[in-house]
Amino acid sequence: MTLSKHVDAEALESEILKKNHKTELNSHEEYIFKYSSNSTVPKYEIPDESSSGDLVYQYLSEELSLDGVPTLNLASFVNTTVDETQLKLISDNIVKNLADNDEYPSLIEFQQRCITILGNLWHAPKYENENGKLVTRSVGTATTGLSEAIMLAGLALKKRWQEKRKAEGKSTDNPNIIMATCAQVALEKFARYFDIENRLVHINQNSGHLIDVSQIESKVDENTIGIFVILGSTFTGAFEPVAEISNLLDKVQSKTGNDVRIHVDGASGGFVAPFVFPGLKWDFLVPRVDSINTSGHKFGLTSAGLGWVIWKHEDLLPKTLKFSLDYLGGVEETFGLNFSRPGFPVIHQYYNFLTLGREGYTKIFDSCLSNARLLSNFLEESKYFDVLSVIHKPVDSATEKKLYPLDHGLKHDKAVASQKFQPGLPVVAFRFSKELRKEYPEIPQSIFGLLLRNKGYIIPNYHLPPDEGDVEILRVVVRDSVSLNLLDKLMQEIVRSIELLIRSCAVVRDVVKEDRSEKERSSNIYKLLLSIASSGTEDIKQIQHEVLDVPGTGHGKHKRSYRGPC
């Protein structure tokens with residue numbers, strides 16, 4: 001028998017249980033044997049018999065406890081905290097269907113109030129109604145996250161373009177849409193799913209890793225249905241310049257007659273910008289912005305599963321996207337891609353609006369940005385990292401006036417504190433510093449990320465879009481749950497981890513034979529560092545033989561334990 005064979009853990013467990021099924025069992029084991037006296041818990045087929053809900057709960061909870069800790073999930077923009085009051089409100093309304101207008105009129109009313117609140121927050125134009133009161137004519141809907149919101153916004157652009165082309169007696173065969181290569185995948189899905197040519201504008205270092213505005217004009221023609229502009233890149237958190245792009249498109253229209261409309265993907269920035277960058281001109285105050293989407297479950301601070309899409313006024317939502325339904329005793333108008341969906345996230349959103357108010361959201365986002373700037377400055381001053389995100393970079397008074405031209409007129413000092421810096425989300429995107437990469441080229445960032453993951457911190461390491469595909473970055477999203485205390489521990493662990501890798505690399509360099517090729521030497525150093533970072537879970541046996549060049553003996557001139565650098 002050889003110890004190098006692969007062991008099927010599930011099969012082995014099942015065999016042992018068959019042999020020992022008469023062993024005295026605890027309550028959990030009784031649950032396991034509920035289904036069969038010689039079988040483990042069914043994983044891929046429905047069991048024949050029913051079982052205790054309490055025991056199933058125990059089993060599921062044990063397995064789910066092995067997932068990452070949400071508070072330490074620094075990769076996600078999605079909110080991970082729900083307090084007891086919010087949870088009670090959610091629990092009380094968890095079975096309500098947002099599609100049942102006639103059955104849950106208060107729920108539907110809350111949805112409309114949220115739409116109006118967002119419309120006002122984004123400066124939707126107001127009109128005088130029959131009572132002489134100024135009201136917004138913005139129209140929108142709650143959606144199941146970002147993707148549905150993007151699909152609806154894109155479809156509205158396409159339908160309006162088609163109607164215009166048909167009225168002019170022109171072909172509607174070849175629509176295209178413009179977006180940057182750093183666009184979130186949902187935007188690319190829209191183009192692919194609805195047969196629209198995706199005219200990607202490249203990003204580069206000079207454009208701040210965002211859309212290169214100078215390249216937009218060359219992408220525009222009579223078949224362009226619109227442009228997606230991103231308020232909060234998922235890569236660096238930076239905002240694309242909505243007003244600048246709008247001004248450019250004005251010039252394009254004056255030269256060519258092509259009227260290109262803007263949809264703003266404000267998945268996260270749609271909530272952040274109004275509260276901490278109130279002087280920024282990006283929303284419905286920009287004439288070409290027809291629609292905006294945002295995610296309630298990100299910086300709207302609701303539980304997962306809620307998005308919003310809003311049009312500046314109802315004329316911008318084509319009638320061909322609306323359906324009137326005679327359903328369950330009432331006539332409903334719907335224009336979402338989904339029908340039945342949970343209503344509790346909408347209630348959660350309205351609760352947040354009422355509870356936090358402008359003051360609460362402002363304080364939370366100001367705190368997030370302050371902590372993100374602290375982390376950014378710490379990383380840069382450590383000399384181990386370069387920071388690609390820009391929110392920690394101060395601006396002079398002249399630049400501030402240019403970046404934030406609006407008269408905010410707000411009472412809270414915190415509402416304008418962040419306008420002393422470049423705008424963006426509370427995101428820290430960073431990479432190994434140029435000096436570190438030069439001195440220790442054998443250390444990959446992916447291994448650094450793995451070390452942090454072993455400590456519980458989930459920090460993704462990924463490549464920028466293909467334009468800058470040789471650049472890998474790490475990203476921390478500083479949400480409300482990232483306290484100063486947590487940040488302090490994270491910064492200490494970052495330094496410990498990078499210094500461990502530096503020390504390990506120096507030791508491993510001595511282990512590796514100098515007479516090997518540079519490529520082979522770097523590869524072997526990488527393998528040993530990977531074993532260190534993975535706590536030895538990587539298959540080290542083959543690596544030892546390759547690096548130490550002592551097949552079968554375990555002895556040699558450079559014999560050292562790979563655990564030594566730990």
Side-chain angles (χ1 to χ4, degrees), residues 71-77 79-80 205 208-210 230-241 268-280 282 298-299 301 359-404 408 410 412-433 452 457 459-460 473-495 498:
T71 302
L72 299 181
N73 179 6
L74 306 178
S76 179
F77 288 88
N79 177 49
T80 58
Q205 186 173 353
H209 314 290
L210 299 169
I230 305 164
L231 201 75
S233 163
T234 57
F235 291 94
T236 65
F239 294 169
E240 291 186 334
S268 294
F271 263 101
V272 172
F275 297 107
V276 285
F277 303 108
L280 187 68
W282 67 273
K298 293 178 181 174
F299 287 94
L301 306 181
E359 178 185 19
Y361 273 113
T362 301
K363 287 181 177 179
I364 288 172
F365 298 154
D366 176 73
S367 176
C368 292
L369 283 163
S370 296
N371 286 345
R373 286 193 288 269
L374 170 62
L375 177 58
S376 301
N377 291 325
F378 173 85
L379 292 170
E380 285 190 336
E381 292 183 23
S382 74
K383 306 302 180 186
Y384 294 134
F385 304 97
D386 292 332
V387 177
L388 282 70
S389 45
V390 298
I391 51 161
H392 65 298
K393 295 183 178 179
V395 297
D396 56 35
S397 57
T399 304
E400 181 182 353
K401 290 179 181 178
K402 183 179 179 181
L403 281 173
Y404 308 108
H408 44 79
L410 297 177
H412 307 300
D413 292 338
K414 292 183 182 297
V416 295
S418 291
Q419 295 189 166
K420 302 296 180 183
F421 301 88
Q422 292 281 349
L425 302 176
V427 168
V428 182
F430 60 106
R431 64 185 303 207
F432 285 173
S433 66
L452 291 174
Y457 298 101
I459 298 177
I473 62 173
L474 297 140
R475 189 194 70 199
V476 171
V477 181
V478 183
R479 303 187 307 275
D480 183 33
S481 57
V482 182
S483 65
L484 194 57
N485 184 44
L486 172 58
L487 206 59
D488 175 63
K489 296 182 184 301
L490 172 64
M491 291 187 292
Q492 291 182 43
E493 196 56 54
I494 284 174
V495 170
I498 191 61

Hey, is the main chain of [Y] close enough, under 3.5 Å, to the side chain of [X] for a donor-acceptor pair?
X	Y	result
Gln422	Val390	no
Asp366	Ser418	no
Arg475	Ala75	yes
Glu493	Leu452	no
Thr236	Leu388	no
Ser382	Tyr384	yes

For the atom pair [atom1] ([X]) and [atom2] ([Y]), what is the distance rounded to the nearest 0.5 Å?
X	Y	atom1	atom2	value
Arg373	Phe421	CZ	CZ	4.5 Å
Ile473	Ile459	CD1	CD1	12.5 Å
Asp480	Tyr361	CG	OH	10.5 Å
Thr399	Lys420	OG1	NZ	12.0 Å
Arg479	Ser76	CZ	OG	5.5 Å
Ser481	Asn79	OG	CG	7.5 Å

Grab the two heavy atoms, one from [X] and one from [Y], that are nearest each other, plus how far apart they are.
X	Y	value
Trp282	Ala273	NE1-CB, 3.6 Å
Ser389	Ala429	OG-N, 3.0 Å
Pro278	Pro274	CB-O, 3.8 Å
Phe239	Leu280	CD1-CD2, 3.6 Å
Leu369	Gly424	CD2-O, 3.7 Å

_Salt-bridge present (Glu359, Lys363; N to O < 4.0 Å)_ = yes

_The criterion is salt bridge (Lys or Arg N to Asp or Glu O under 4.0 Å); which residues satisfy it with Glu380, sequence neighbours excluded?_
none

_Applying side chain to side chain contact (heavy atoms under 4.5 Å, CB included) to Leu374 and Met491, what does each step give before you reach the verdict?_
CA-CA 10 Å; Leu374 170 62; Met491 291 187 292; 4.2 Å; yes

*Does the pair His392 and Val387 meet the rule for a side chain to side chain contact (heavy atoms under 4.5 Å, CB included), with working shown?*
CA-CA 9 Å; His392 65 298; Val387 177; 3.5 Å; yes

*Please work out whether the ring planes of Phe275 and Phe271 are parallel, tilted or perpendicular, with thresholds of 30° and 60°.*
parallel

*What class does the angle between the rings of Phe77 and Phe299 fall in, given that below 30° is parallel, 30 to 60° is tilted and above 60° is perpendicular?*
perpendicular

Side chains of [X] and [Y] in contact at under 4.5 Å (non-hydrogen atoms):
X	Y	value
Leu425	Val478	no
Gln419	Leu403	no
Ser233	Leu210	yes
Leu490	Phe378	no
Leu484	Asn371	yes
Leu486	Ser483	yes

*Which of these passes side chain to side chain contact (heavy atoms under 4.5 Å, CB included) with Leu379: Ile494, Val476, Asp386?*
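When side chain to side chain contact (heavy atoms under 4.5 Å, CB included) is applied between Leu379 and each of Ile494, Val476, Asp386, only Ile494 qualifies.
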
*Validate the cation-pi geometry between Arg431 and Phe385: distance from NZ or CZ to the six-membered ring centre under 6.0 Å, angle to the ring axis within 45°.*
no

